[in-house]
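Only one structure is covered here, and it is reproduced in the block below.
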Amino acid sequence: MPRLEDHCWSCSCASSVETKHSSGAHWLASKAEEMMSIITSVLSNAYGSLHDVRTANLIRRGLVLFTVGAFLALVLNLLQIQRNVTLFPEEVMTTLFSSAWWIPPCCGTGAAVVGLLYPCLDSHLGEPHKFKREWASVMRCIAVFVGINHASVKLDIDNNVQLSLTLAALSLGLWWTFDRSRSGFGLGITTAVLATVFTQLLVYNGVYQYTSPDFLYVRSWLPCIFFSGGVTVGNIGRQLAMGGVEKPHMD
């Protein structure tokens, strides 16, 4: 028969082993919890930094698009005023550069919205736009857009329908040459419709007027200008989203 001392010794050994295992498990659990808290903190800081970088990049892109849109609106509006296509009240003509002060900010805001929407829509549709993605192509697109605006006031065509069809063909040619995407075409049409309706409301309320209007209160070729402008700003926004605003390569 086993002795009482042997039984006590075995019980004390088992108890000490169990205590050691319990303390070891507790130590491992505490270390694992500590490591998880460190990993969570690192991931949280990394996510916050990435979010801050994306927000800063979005703001920079928006500012660039706003500046480009405001500048183009100012130049092209002055061209239409000089050719007596657009008429403003006399008190308005005494403001900034003989033009309405609110036109550049409004067009700049619209350009920022459209330019930021283009890459977002490409990402949402899962169709990354890769056609002619370089700054040289973007600059040529801007030049063609300015040429279409210049043609709208310089072409001596008495029939407004023929002028509208000509500018529509030029605008579609701009989209086909520099875009060719479904998202670009859809956003261009949406931009043309919304901008034309907004212009109609301004003219209806007497803010300004067009000479020889043939489409309710405005010129029938105006949607073509807005369509080509939306495609142009969209290409700028895509290029900024791809390469950033810091390194715009011109070659």
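Just the heavy atoms: all of them, side chains too, but no hydrogens, waters or symmetry mates, feed the values below.
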Side chain proximity check, [X] to [Y], heavy atoms < 4.5 angstrom:
| X | Y | result |
| --- | --- | --- |
| S164 | R219 | no |
| M139 | Q239 | no |
| W135 | L240 | yes |
| L76 | F145 | yes |
| F178 | S137 | yes |

[X] side, atom [atom1]; [Y] side, atom [atom2] - distance, nearest 0.5 Å:
| X | Y | atom1 | atom2 | value |
| --- | --- | --- | --- | --- |
| R61 | I59 | CZ | CD1 | 11.0 Å |
| L121 | R182 | CG | CZ | 9.5 Å |
| T166 | L170 | OG1 | CG | 7.0 Å |
| N149 | C224 | CG | SG | 11.0 Å |
| C141 | W175 | SG | CH2 | 13.0 Å |

Would you be so kind as to tabulate the donor-acceptor pairs closer than 3.5 Å made by side chains of residues 187-197, with sequence neighbours excluded?
{"residue": "T190", "atom": "OG1", "partner": "G186", "partner atom": "O", "Å": "2.9"}
{"residue": "T191", "atom": "OG1", "partner": "L187", "partner atom": "O", "Å": "2.7"}
{"residue": "T196", "atom": "OG1", "partner": "A192", "partner atom": "O", "Å": "2.6"}

request  = With side-chain contact (heavy atoms from CB on, under 4.5 Å) as the test, would you mind laying out the steps for V231 and F185 before giving the verdict?
outcome  = CA-CA 8 Å; V231 174; F185 185 82; over 6 Å; no
query = To which residues is L165 joined in a hydrophobic cluster, defined by side-chain heavy-atom contacts under 4.5 Å among Ile, Leu, Val, Met, Phe, Trp and Tyr, whether direct or through other members?
reply = V161
When you group the ILVMFWY residues by side-chain heavy-atom contacts below 4.5 Å and let the links chain together, are [Y] and [X] in the same group?
| X | Y | value |
| --- | --- | --- |
| L116 | F66 | no |
| Y118 | L63 | no |
| V233 | L72 | yes |

query = Between R140 and E134, does a side-chain contact (heavy atoms from CB on, under 4.5 Å) hold up when you go through it step by step?
reply = CA-CA 10 Å; R140 287 193 292 269; E134 65 274 349; 4.0 Å; yes
note = Tested for side chain to side chain contact (heavy atoms under 4.5 Å, CB included) against F227, the lone hit among L174, L172, L222 is L172
request  = Report the C-alpha separation of I103 and L74 in whole Å, then their side-chain angles, then the decisive distance to 0.1 Å, and conclude whether the side-chain contact (heavy atoms from CB on, under 4.5 Å) test is met.
outcome  = CA-CA 7 Å; I103 287 184; L74 181 61; over 6 Å; no
message = Is it the case that the side chains of S183 and R238 hold a donor-acceptor pair, with the cut-off being a distance below 3.5 Å and no angle test?
response = yes
On a heavy-atom basis, which atom in [X] and which in [Y] lie closest, and how many Å separate them?
| X | Y | result |
| --- | --- | --- |
| A151 | L167 | CB-CD2, 4.2 Å |
| G184 | D179 | CA-OD2, 3.6 Å |
| A73 | P104 | CB-CA, 4.3 Å |

ask   = Checking T232 side chain against I142 main chain: does a donor-acceptor pair fall under 3.5 Å?
value = no
